[in-house]
Every structure is written in C-alpha cells, then in structure tokens.
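Input: a single structure, listed below in structure tokens.
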Amino acid sequence: MDVRQDIRNVAIIAHVDHGKTTLVDELLKQSGIFRQNEQVAERVMDSNDLERERGITILSKNTAVHYKGVKINIVDTPGHADFGGEVERILMMVDGVLLLVDAFEGCMPQTRFVLKKALGLKKKVIVVVNKIDRPGARPAEVIDEVLDLFIELGAQEDQLDFPVVYASARDGYSSLDPTVREGDMRPLFDSILEHIDPPKGDMNGPLQILFSSLDYDDYIGRIGVGRVERGRIKRNEQVVLCKTDGERENVKVSKLYQFEGLKRVEVEEASLGDLVCVSGIADLNIGETACDPEHLEPLPFVKIDEPTISMNFIVNNSPFAGQEGKFVTSRNLRDRLFKEVETNVSMRVEETDSTDTFKVSGRGELHLSILIETMRRQGYEFQVSRPKVIMKKENGVLLEPMELLIVEVPEQYVGSVMEKLGSRKGELENMGVRDGGMTHLEFKIPARGLIGYRSEFMTDTNGNGILNQLFAGYEPYKGDIQTRDRGSIVVHETGETTGYGLFNTQDRGRLFVGPGVPVYEGMIVGECAKSEDVVCNVCKQKHLTNTRASGSDDALRLVPPTVLSLEQCMEFIKDDELLEVTPTSLRLRKVILSKEQRMKQQFRK
C-alpha cells in the first residue's frame, strides 16, 4: 500500500457562527497565498452574495495551502443544520476533520450532528477550541463537554484520545496551551501534519475517482469535484463513468484542475489522494465514480438523510403576474427546480397532478428559503404554499419528524418560552444555568410545532434569546397543534393603498404595507387582532366636501408598517394562503381571491 506524505485532506466542521470561515481566512493569509499588497475581503470563502449578507456559509468550498512542503487541502463546510447534506458528502473527500467549538458556547446541536457523521466514517478528529480570548471563555469545561459528546456518540477508544488546539481565529493565533494570547497558526498546522492521516492506497492501481460535489462554469460547463481514491488520472484520458442507477458511460476528461489557494489551477495529471476538478463530463452527478475502462468498480456513496419539510412551488397566477419577473412560465420553473436537484443532494423535486405545481422537499425552512431567495434574484416569479412536515407510516403507525431544540434565554423570559413551547407539544429534556445569567433549555418538539415560532420567540425574548434546532429522528404523531391564532387583513378591491384607507384599517391589527402600494382583491396587507379574517378597503379615498372644520383635517397619523422578511412571510401564511415571490416584491395572498368564492367554500365545509 502506498502512502502520500506530501498531502493532507481536512474538513473544518462546526456549529453555525463558531468561526470556521474566519479560521480558513487566517490559514490562507499565514500560508503566504496572498501577495503583500493584495486586497483580501473578510470571510473570503463566503463568496456568494447571500452568504455575505446573512453571515453564514451555505455551500462547502475547497481551498489548498502549502506548509513545510506538504499540501493541505481544506474544505470549509456550512454550520447550519439545514445544509447538513453539504457536510455529509464532503466528509467522503477528507481523511480527518477539525472540529471547531466556541470556547464560551461549547457543544451546540450542529456540533453533535457533524461529529456523529465524522465518527461514523472513522475520520480522525482534532478539536479546536476557538474564540479563546472571548469574555466568559471556559475552555476546560468545553473540553469536558466535547469528551462527553464523543462518549455519547459511541466513539472508539483511539478516537477518544483526541488532540486539542486552542485558537483565536479572529486574532490569528493558536497554541496547545489555553493561557497563551499571542503567536500564529503554526501549532495548528503542525497538529494537522502530525495527527491527520496521509492518503493511503494503490498509487499504480486502476483509476477510481469518487465525485462528491459539483461546480459550474459559464465557459467550460459542469465541473465534477472529487477525490482520486486509487491510481492516476491524466488530462484527455478516456474513463468510464459508473452512474448511481447502474448505467455505464464512456467519457473523456477534457480538463483537469487542482485547488491552489482560492483558484483552480490546470494540471496535467493527479494521483492517489488528490482533490481534483474534472470538466468534460456533461451529465455527471454527485455520488458517481469515474473508473479505469478495464476495471469497473464503482465506490459506495454516503447515504444522505431524507428531507423533513415540503412546499409547493406554483406558477404565479395573481392579477400582477408577469409584471416584475423575467422567468414566469411553468417550463421555466420546472427546468430551474430540476437543475437545483442536480447539485443540491438533500433536496427533492416531484411533479404533481397539476402541470403548474411542483412539490419541493428540503431539510428545513432555511434550506427552502435560500432556494426561493436565490431564484428570485435570478429573475424568477412564482408562488409558494405553507411549509408542511413530511410524515411517514411504519407498521401502521403515523410518524412525524422531531427536532432537538436548544434555547439560551435570560432568566426573566424562561416562563413565556416554556409556555409557548409547551402548547406546541414541546417536552423539556434538560435545563441549566450558564455564567452571565443565561438559562440553557433543551426541548424535544415536533418539527411542525416550530413552523412560525421563530418570530414569536424573538418578540417574547425582546431579541435576547438564541434558538438552535437539529433533526432528531421520527416519533409517533403527537396530536394537533394550534399555531397561528390570528386572522389576516384582506384587501377588498384592486387599487392603490391610501393614507385615509390605512388610517381606518390600522385599529384592526398590524399592517404590513404603507400608503401608495398597488394591491389586488384577496391580497393580505396585515394581521388581524382577532382570530378570523377581516376584509378592509385600504384603497378608500376621503370624499371631498366644501365644509372645513378646524382640527379634523390635520395629517392622519399612521403607525409604521411591519415589513416581513422572506422567512417571516413563509411562517405567517396559513393553509388557505400563498406567498407570491417576484424579484422586487413579496406579497401575501389568499388562494381564492374573491370574497364571495371564499365564503361559498367555507359554507360548503
């Protein structure tokens, strides 16, 4: 068996906001990738606009640095549970992981998820305690928590003896001693070289490349990103692609790239252990293997967890359809959704009885909302229904997805949080007090009980609470849950909102629009204070008369409207409502726009 000592393949895994992307920034800077005078953006790996705006990593990215003559391939992975599918398949490309844990927050839900996957694949783990300089940092306790988590997840004895590095990614230093507050990243680099296994295998055997990721380039088309598991690959070589459905296809590798810093560099050949990008294979998919034509031995691919939430994507049929979007037909919508599934392995798209409706299933609300936001930025116009959880039936028992919910709130808000979660079938499993007066709560709760809760939680805790969730398997159905208990304020006629009309409506509840906004009959412009829907005329004009009274004609005082974000709109809608998404607007509406038709349907029920 050959061993390549000149390469290490490592992934950085952690909970959201524990500093993965900042750490990669520092490793790149200190390895001399950038010129002295080069302008480098902060969080340089978060390259797309959505990632920069939200401050989270959505897609995993590859980079490579050189240290002491060894090439270290680093993969930055997302930290949010909804993008767990990205992490699962990326672990197939590496030999070890850096498990990043915040020195104050300790182990969070996503830490548990990614560590479980890494231990299951027998990967070597280096624990990096980050933000060591943070006020309230408790490195010794955090290491104990990590050890408890390893034991709980059934780690083997050699995995329990994990090396620990203390670091501050923001200030660019690392150390094996928790008291050090200066230095550079060399101790971390040395730990990677010492503890992460080099790639092993048959360097001169027949070729095998397992593709774990896909990229796209406007000039060269689809690019497969994978790892050479055996043998060597040369540019322009003929290989056989073994597909996941058992088919075989002869293809030619037209171009071959490797990662150097933030760039893809063209190379003539690559061998065992290298992470490569291959172009020239038109219909390549994730999980497929490129083999030597004489030895067809496809490799098994990691099983990706099933989606838990679904929504209907529907062609826009509102009175304002086609005014703002570029792609509006069912063919446009269908092509775009099926293109997404090729690269987004944890998402599913199904056609329905209607040619205008597609059922899209994903890992969670954020997973689907990122797709919706990406599509609207690309010029698509469509409607979506309320998110619904995906139920299962086993042995005649109806099962539903459960979530592990971890809440950190100041003490004075604990009562309202527990009351709300109790009414949504949440069961308290753990409770503790952290330094600084924060209370730590752990709940087991049905996934459907969390739909629409996040905005309520922010209101209940005055924005001081932190909410994290993680899929925790399927359990028997827990019974009906009462979610939104308020009705909608629905528009009476098509027109433009007026200050006078809104002034007379604002006492009915909370408004989502201001004056001068075009609206149509059946559109939702606010949340009613009562439990039933109310139809209001927000386009009403004040009748002009020639009588004037002092004081009554003063300017009407309008309460500023509440502008809902995409996620808040998705949480707000009921089963008989839709969200209309266009590149410039988000509009809430009833499925049946006409008031008479709605009343007839209600009467039939």
Side-chain angles (χ1 to χ4, degrees), residues 80-85 87-88 109-110 112-117 119-120 149 152-154 300-313 341 344-353 357-368 384-407 417-431 441-454 456-457 467-485 570-571 573-576 605:
H80 201 285
D82 283 14
F83 308 109
V87 183
E88 284 173 71
Q110 185 67 359
R112 169 189 297 269
F113 172 81
V114 291
L115 181 60
K116 183 179 176 184
K117 297 289 177 192
L119 293 176
L149 187 59
E152 190 184 323
L153 296 174
F301 191 63
V302 62
K303 183 183 178 292
I304 303 288
D305 286 353
E306 293 294 309
T308 56
I309 269 186
S310 69
M311 293 173 88
N312 285 340
F313 280 54
V341 185
N344 201 333
V345 287
S346 46
M347 196 169 269
R348 305 271 183 280
V349 176
E350 301 162 50
E351 303 200 46
T352 61
D353 304 339
T357 306
F358 303 91
K359 183 182 174 186
V360 181
S361 309
R363 283 287 187 87
E365 282 176 275
L366 184 67
H367 193 198
L368 293 167
V384 294
S385 68
R386 183 171 193 242
K388 285 187 176 166
V389 300
I390 300 168
M391 303 283 193
K392 273 186 182 177
K393 254 200 170 168
E394 273 182 22
N395 305 327
V397 180
L398 185 65
L399 303 176
E400 67 172 329
M402 300 294 288
E403 299 274 342
L404 174 68
L405 185 70
I406 296 190
V407 182
V417 169
M418 288 176 75
E419 183 189 341
K420 282 274 172 69
L421 290 173
S423 68
R424 291 164 175 263
K425 308 282 186 200
E427 297 167 11
L428 184 66
E429 292 202 323
N430 201 347
M431 185 174 179
L441 305 167
E442 289 183 21
F443 290 88
K444 194 85 163 285
I445 185 168
R448 62 200 163 94
L450 289 175
I451 294 175
Y453 175 64
R454 197 171 284 270
E456 275 186 45
F457 174 76
L467 194 70
N468 287 296
Q469 67 197 71
L470 183 68
F471 176 62
Y474 279 82
E475 286 188 13
Y477 184 69
K478 302 286 181 191
D480 292 339
I481 293 176
Q482 177 68 39
T483 49
R484 187 179 129 205
D485 54 357
M570 286 165 60
E571 289 176 352
I573 52 179
K574 289 184 182 172
D575 291 337
D576 65 336
K605 280 184 184 173

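Along the sequence shown, the residues carry numbers beginning at 1. This one's a predicted model, so the numbers in the text were calculated from it and none came from an experiment. Heavy atoms only: backbone and side chains are in, while hydrogens, waters and symmetry mates are out.
Residues forming a salt bridge (Lys or Arg N to Asp or Glu O under 4.0 Å) with D480 (at least two apart in sequence, or on another chain): none. With sequence neighbours left out, S423 forms a side chain to side chain contact (heavy atoms under 4.5 Å, CB included) with no residue at all. A search for side-chain hydrogen bond (donor to acceptor under 3.5 Å, both in side chains) contacts involving K392 returns nothing, not counting sequence neighbours. Every residue two or more places apart in sequence or in another chain was checked for a ring pair (Phe, Tyr, Trp, His ring centres under 6.0 Å) with F358, and none qualifies. With sequence neighbours excluded, no residue satisfies side-chain hydrogen bond (donor to acceptor under 3.5 Å, both in side chains) with N430. Judged as a ring pair (Phe, Tyr, Trp, His ring centres under 6.0 Å), and not counting sequence neighbours, F443 has no contacts. Every side chain to side chain contact (heavy atoms under 4.5 Å, CB included) that L398 has, sequence neighbours left out, goes to M391, K393, Y477. Taking E429 as the reference, nothing meets the salt bridge (Lys or Arg N to Asp or Glu O under 4.0 Å) condition, with sequence neighbours excluded. For V341, the side chain to side chain contact (heavy atoms under 4.5 Å, CB included) partners are V349, not counting sequence neighbours. In this structure K444 satisfies the salt bridge (Lys or Arg N to Asp or Glu O under 4.0 Å) test together with E475, sequence neighbours excluded. Residues forming a side chain to side chain contact (heavy atoms under 4.5 Å, CB included) with D575 (at least two apart in sequence, or on another chain): R386, K388.
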Determine, stepwise, if the pair H367 / M347 fulfils side chain to side chain contact (heavy atoms under 4.5 Å, CB included).
CA-CA 9 Å; H367 193 198; M347 196 169 269; 3.7 Å; yes
Do L428 and L441 pass the side chain to side chain contact (heavy atoms under 4.5 Å, CB included) test, and can you show the C-alpha distance, the side-chain angles, and the key distance before you say yes or no?
CA-CA 7 Å; L428 184 66; L441 305 167; 4.2 Å; yes
Verdict with reasoning, I390 to I309, per side chain to side chain contact (heavy atoms under 4.5 Å, CB included):
CA-CA 6 Å; I390 300 168; I309 269 186; 5.8 Å; no
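Between the side chain of S385 and the main chain of N312, a donor-acceptor pair closer than 3.5 Å is present. Between the T308 side chain and the P401 main chain, no donor and acceptor come within less than 3.5 Å of each other.
A distance of 12.5 Å separates CZ of R348 from OG of S310, quoted to the nearest 0.5 Å. In this structure, OG on S361 lies 8.0 Å from CG on L368, to the nearest 0.5 angstrom. Taking CE from M311 and CD1 from I573, the interatomic distance works out to 5.5 Å, rounded to the nearest 0.5 Å. Taken from CZ in R424 to CD1 in I445, the straight-line distance is 7.0 Å, to the nearest 0.5 Å.
Under the 4.5 Å side-chain criterion, counting only non-hydrogen atoms from C-beta, K425 is not in contact with M402. Under the 4.5 Å side-chain criterion, counting only non-hydrogen atoms from C-beta, L421 is not in contact with F457.
Applying the salt bridge (Lys or Arg N to Asp or Glu O under 4.0 Å) test to pairs two or more places apart or on separate chains, those with a residue in residues 394-405 are E400-R448.
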